[in-house]
Number of protein chains: 2
Amino acid sequence: MNRKTLVKRTRAKQRRLSADDRRSEFVTKATELFAEEGFGCGTRALARRLGVTQPLLYRYFPSKDDLIKEVYRKVYLEPLEIGWEKLLSDRSRPLRVRLQEFYEVYTDAIFNRKWLRIYLYSGLKGLDINRWYVGMVKDKILTRILRECRHEAGLATQSRPSAAELELAWVFHGGIFYYGVRKYIYEAPVLEDKAQMISDALDLFLAGFERMAESATDRRRAPIKIVG
Amino acid sequence: MNRKTLVKRTRAKQRRLSADDRRSEFVTKATELFAEEGFGCGTRALARRLGVTQPLLYRYFPSKDDLIKEVYRKVYLEPLEIGWEKLLSDRSRPLRVRLQEFYEVYTDAIFNRKWLRIYLYSGLKGLDINRWYVGMVKDKILTRILRECRHEAGLATQSRPSAAELELAWVFHGGIFYYGVRKYIYEAPVLEDKAQMISDALDLFLAGFERMAESATDRRRAPIKIVG
DNA sequence: ATCTCCGGTGATCGCTCGATAAACTGAGCG
DNA sequence: CGCTCAGTTTATCGAGCGATCACCGGAGAT
């Protein structure tokens with residue numbers, strides 16, 4: 001299985017790579033190109049970037065769609081292999097610290113041009129994998145965060161968060177996410193200190209949750225008094 | 001200029017519309033189709049939806065790109081003709097009420113499949129009109145909101161908000177925006193009561209701004225005590 | 001040295017795209 | 001009625017797309 005990767009380099013172009021190396025190289029470069037140009041980008045441009053001819057792609061992938069699916073799998077799943085559960089649920093550390101560290105790690109993973117662009121493209125296409133990701137964020141991140149917040153506030157740990165709580169967490173999460181979109185998609189000027197942005201957003205969220213928790217008995221939202 | 005719009009309807013298909021009517025009909029339908037299928041959608045599909053033949057498009061628009069530009073203009077500018085400045089800056093009404101009403105009106109205008117999809121497509125394409133829009137949000141909405149908040153909190157009204165303040169407002173704004181993306185792009189289940197979502201987000205933001213205003217003298221962020 | 005296998009290439013097919021040119025049609029007007 | 005011309009269609013072009021084919025040639029086995 002582990003073939004020789006030593007290839008004669010005297011020729012103008014490297015040739016005769018092993019099948020596994022070629023395949024993974026294709027996926028990597030395809031990810032970069034599709035992130036940049038969108039999935040409408042042609043197979044010839046992809047081949048040109050790889051330094052090979054276009055029909056060679058079809059020796060490794062039955063169709064362009066199959067290549068795209070592989071790109072999705074790589075982009076979505078690869079950066080998500082970090083132990084998020086432990087990061088969020090380790091109650092030996094203060095919640096504020098856990099949340100701060102989690103969002104710094106999480107945004108380190110997804111705040112780049114490649115990930116965000118492919119994510120948005122797949123969202124606009126309405127692909128299943130996008131809905132799967134949204135559901136994953138809800139179940140593995142937001143629900144977990146809310147459970148920890150409820151525990152910290154001394155509230156009963158219910159299995160599933162209320163719709164209003166969840167929406168609050170989504171607005172918070174979306175606000176942070178939008179920072180990445182502004183920076184890497186819109187290329188708009190943003191506050192450079194990402195950690196401070198996260199910290200400020202956390203202040204907002206935790207203060208809001210605290211307020212919501214205080215008036216937990218009456219179900220209707222009580223508007224806070226305005227500043228000043 | 002105002003030509004007869006009465007057209008012989010006895011034929012299978014309506015024909016011979018006036019030039020102005022045709023043109024605006026083209027832009028309207030093109031907007032719908034491009035929002036649905038993306039700008040990669042062909043001119044033949046567009047013509048089919050309009051019930052005319054494809055070359056007819058080129059009598060009204062020099063190229064597909066020109067048609068697309070017109071679509072952008074219509075989509076971006078049309079819903080933005082509401083008097084936002086007055087809504088935000090009318091100090092005879094409480095700030096909380098102004099903000100709530102503004103965001104309800106604003107999201108009524110942009111939270112629909114058509115607007116959001118075209119906005120995201122243009123963002124991914126890196127078009128100038130997208131950066132213009134982001135700058136408009138910053139100058140006409142966020143800066144104005146921050147000015148009103150500073151005034152309400154009795155702080156000095158400076159010409160331009162600080163970077164940290166602006167980022168706070170962006171996170172808040174982005175959180176609300178992401179609600180629309182989740183609902184109309186991802187088609188994920190969301191809290192149906194949009195007004196309550198806005199109200200909750202406003203609670204978060206105003207509480208956060210209040211806290212930031214309290215510690216206005218020392219520049220470094222002071223993390224709040226965690227809940228519970 | 002020769003054979004064989006397979007990574008890699010050149011040529012090409014069928015299709016769709018945006019765009020153009022030429023032919024057609026019918027309402028308005030003398 | 002017959003002329004005119006703007007509005008509309010038919011036919012077609014050249015380019016680029018995804019995909020397929022026959023073929024080439026070097027590395028490893030014999």
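The chains referred to below are lettered A, B, ... by the order of the sequence lines, with proteins before strands, and numbering in each begins at 1.
Within the structure, salt bridge (Lys or Arg N to Asp or Glu O under 4.0 Å) pairs that include any residue of residues 125-143 of chain A comprise A/Arg131-B/Glu187 (at least two apart or interchain).
A/Thr107 and A/Lys194 are linked by a side-chain donor-acceptor pair at a separation below 3.5 angstrom, with hydrogens and angles left out of the test.
Taking the six-membered ring for Trp, A/Phe39 and A/Tyr72 have ring centres closer than 6.0 Å.
For D/dG7, the OP1/OP2 oxygens have no side-chain nitrogen or oxygen of B/Tyr60 closer than 4.0 Å.
We find that CZ of A/Arg23 is positioned 13 Å from P of C/dG7, with the value rounded to whole Å. Rounded to whole angstrom, the span from the CG atom of A/Leu46 across to the P atom of D/dC17 amounts to 12 Å. When the P atom of D/dG16 is taken as reference, atom CD of A/Glu37 falls 15 Å away, rounded to whole Å. The CG atom of B/Leu56 sits 17 Å away from the P atom of D/dA11 (whole-angstrom rounding).
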Exercise. Could you please spell out the steps behind the ring pair (Phe, Tyr, Trp, His ring centres under 6.0 Å) verdict for B/Tyr103 and B/Tyr179?
Key: CA-CA 12 Å; B/Tyr103 269 102; B/Tyr179 172 94; over 10 Å; no
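Under the rule for a ring pair (Phe, Tyr, Trp, His ring centres under 6.0 Å), the partners of A/Trp84 that lie at least two apart in sequence or sit in another chain are A/Phe102, A/Tyr106.
Formation of a donor-acceptor pair under 3.5 Å by the B/Arg98 side chain with backbone atoms of B/Asp90 is found in this model.
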Quiz item: In B/S/- notation, 5' to 3', how is nucleotides 12-22 of chain C contacted by protein heavy atoms closer than 4.0 Å?
Solution: B----BBBBB-
